2 protein chains.
Amino acid sequence: MTPGRWMKASVTMIEPNDHFCSDCAVRGIAVCASLDPAELGEFEHLGRRVHFGAGETVFSEEDITTSFYNLLEGVMRLYKLLPDGRRQIVGFALPGDFLGMNLSGRHNFSADAIGAVTVCQFAKTAFGRFMEDRPHLLKRINELAIRELSQARDHMVLLGRRSADEKVATFLLGWRERLVPLKGSSNTVPLPMSRQDIADYLGLTIETVSRTFTKLERHGAIEIIHGGISLRDPARIEALAAA
Amino acid sequence: MTPGRWMKASVTMIEPNDHFCSDCAVRGIAVCASLDPAELGEFEHLGRRVHFGAGETVFSEEDITTSFYNLLEGVMRLYKLLPDGRRQIVGFALPGDFLGMNLSGRHNFSADAIGAVTVCQFAKTAFGRFMEDRPHLLKRINELAIRELSQARDHMVLLGRRSADEKVATFLLGWRERLVPLKGSSNTVPLPMSRQDIADYLGLTIETVSRTFTKLERHGAIEIIHGGISLRDPARIEALAAA
DNA sequence: AAAGCCGATTGACCCAGATCAAATTTGACG
DNA sequence: CGTCAAATTTGATCTGGGTCAATCGGCTTT
């Protein structure tokens with residue numbers, strides 16, 4: 001309510017509880033889309049907004065799950081590490097995504113902020129209690145899980161059976177598509193993540209990602225711009241991705 | 001009830017409705033584990049048992065979803081095809097697995113029987129209606145989805161970041177682990193699927209799978225037996241899979 | 001504006017796994 | 001048991017993408 005809104009903390013910043021779900025940016029697309037205005041009032045008290053800076057880790061694989069997270073702003077990378085340090089990014093999270101569900105009681109992947117991020121954090125127990133007698137919320141969470149499962153299967157095809165060119169093309173189109181509900185349709189695809197992140201998402205090395213971008217640019221299919229890619233010949237990229 | 005139990009059909013065989021959920025093999029582990037005995041009586045009338053022979057397709061990607069399936073007996077391969085015929089197997093289904101959930105109204109992968117298979121088939125609409133006022137069933141389905149999502153993420157790591165040796169070792173141990181609840185623990189791992197299926201699951205070629213098996217056998221880590229693999233040196237395989 | 005840093009690009013070379021091509025084994029059936 | 005057809009194994013060779021090693025270029029710091 002006051003002008004100086006943030007509580008300062010060494011790393012993460014916790015916003016005072018002066019916000020309302022009703023005017024939340026992700027109200028219509030996140031888990032809360034399933035709640036009616038009356039429920040929303042109660043729901044409001046369960047979550048608190050937390051900010052993370054670029055590169056900060058929100059939770060790590062194998063951590064005991066104490067919270068669920070609803071991403072409000074920014075982009076996160078979700079990844080798993082092998083003991084020797086090899087990394088596979090299993091997905092990028094965007095506003096509206098719900099993170100932290102698992103059966104084991106421990107997170108089964110790690111999650112970092114890419115750039116500044118705001119999440120709505122819920123205590124697992126309180127959230128579970130709230131959901132107990134609200135099957136429509138459970139249904140919404142189930143829908144999100146099923147959607148993710150479908151995405152995960154698509155990604156398996158990409159990782160197991162596609163060439164580097166196809167991987168990169170498919171990634172660019174898929175990422176652009178995911179941004180449509182947030183930023184509208186455009187041939188300019190912002191890429192807030194690093195080349196290393198893209199490589200670890202596509203099961204490639206950073207060098208191959210870089211070379212593939214350069215090659216596509218030489219062929220006039222894309223233009224590499226600051227902070228992203230511009231699709232110059234979307235049809236060509238689509239042909240590669242379809243292949 | 002009578003000796004001649006099966007209705008013959010050209011391909012699939014539909015069992016007459018003389019069975020009971022209460023003595024179903026997967027009663028304790030499938031979706032129906034969430035139902036109490038009273039509900040089970042009603043549930044019984046929703047599903048019918050259907051048999052498929054080796055190699056038959058139960059449903060195909062992009063088919064309109066009219067049914068859900070509860071696998072009772074046998075093994076299925078779940079896969080996606082690229083337009084040019086490349087195949088990625090996204091999972092193998094075992095008894096207790098629930099198939100067919102999706103948001104789009106169309107199946108997002110295809111499913112074939114590997115060997116003889118029995119499923120419990122439910123009309124989507126009737127099942128949906130039944131689930132409507134039974135949140136514990138929804139909760140069970142959500143649990144199964146979350147479990148699958150976790151498996152899918154593990155598989156992404158395998159496809160994107162593991163070597164052929166590691167893939168094969170991880171597959172053998174993972175498959176053995178999945179069989180424990182069904183057949184108990186053993187160093188003999190039955191492999192009902194073909195080498196091609198294994199290759200398409202691991203993102204390899206059939207030749208590489210064959211060579212890797214041969215190599216592991218030469219090194220004394222496994223023995224290739226009829227219809228499967230015997231783990232001679234489980235520690236060695238575990239070391240490869242952990243790597 | 002020079003220096004330093006870090007992510008990205010480019011080049012040279014290499015190798016794990018793919019491809020192509022035979023064997024060889026297995027299984028189904030008359 | 002013999003015959004096919006299909007699945008698997010094995011061998012020879014090739015190549016897409018990895019590895020190793022410089023640069024390059026855009027920021028920040030001073």
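Note that the structure is predicted; figures quoted are calculated from it, not measured. All chains are named by letter (A, B, ...) in the order of the sequence lines, taking the proteins before the strands, and each is independently numbered beginning at 1. No hydrogens, no waters, no symmetry mates; every other heavy atom, side chains included, goes into these values.
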For this session: Taking B:Arg162 for its side chain and B:Ala241 for its backbone only, find out whether a donor-acceptor pair lies under 3.5 Å.
Result: yes
For this session: Test salt bridge (Lys or Arg N to Asp or Glu O under 4.0 Å) on A:Glu166 and B:Arg86 and set out the steps.
Result: CA-CA 13 Å; A:Glu166 293 168 355; B:Arg86 281 174 288 175; 2.9 Å; yes
For this session: Could you tell me whether the side chain of A:Ser104 and the main chain of A:Arg106 form a donor-acceptor pair under 3.5 Å?
Result: yes
Exercise. Can you find an N or O donor on one side and an acceptor on the other, under 3.5 Å apart, linking the side chain of B:Glu207 with the base of C:dC20?
Worked result: yes
Exercise. Quick one: does NZ or CZ of A:Arg77 land under 6.0 Å from the six-membered ring centre of A:Phe92, within 45 degrees of the ring axis?
Worked result: no
Exercise. Looking for any heavy atom pair under 4.0 Å, which part of the strands does B:Thr205 touch: base, sugar-phosphate only, or nothing?
Worked result: base
For this session: Could you please spell out the steps behind the salt bridge (Lys or Arg N to Asp or Glu O under 4.0 Å) verdict for A:Glu148 and B:Arg153?
Result: CA-CA 10 Å; A:Glu148 281 209 54; B:Arg153 287 177 183 129; 3.0 Å; yes
Problem set entry | Backbone of B:Ile198 reached by a side-chain donor or acceptor of B:Asp200 within 3.5 Å | no
For this session: Indicate whether the side chain of B:Arg176 and that of B:Asn187 have a donor and an acceptor atom separated by less than 3.5 Å.
Result: yes
Exercise. In residues 208-227 of chain A, which residues come under 4.0 Å of DNA chain D by heavy atom?
Worked result: A:Thr208, A:Arg211, A:His226
Exercise. C:dG7 P sits how many Å from A:Asp200 CG, rounded?
Worked result: 13 Å
Exercise. Taking atom types as modelled, is there a side-chain donor on A:Ser110 or A:Glu61 under 3.5 Å from an acceptor on the other?
Worked result: no
Seminar exercise, completed: Min and max contacting nt of DNA chain D in 5' to 3' order, chain A heavy atoms within under 4.0 angstrom, are D:dG17 to D:dC27
Exercise. Which of residues 157-167 of chain A have a heavy atom under 4.0 Å from DNA chain D?
Worked result: A:Ser163, A:Ala164
For this session: Please determine, by modelled atom types, if A:Thr208 and A:Thr205 share a side-chain donor-acceptor pair under 3.5 angstrom.
Result: yes
Exercise. Hey, does the side chain of B:Glu73 reach the backbone of B:Val117 with a donor-acceptor pair shorter than 3.5 angstrom?
Worked result: no
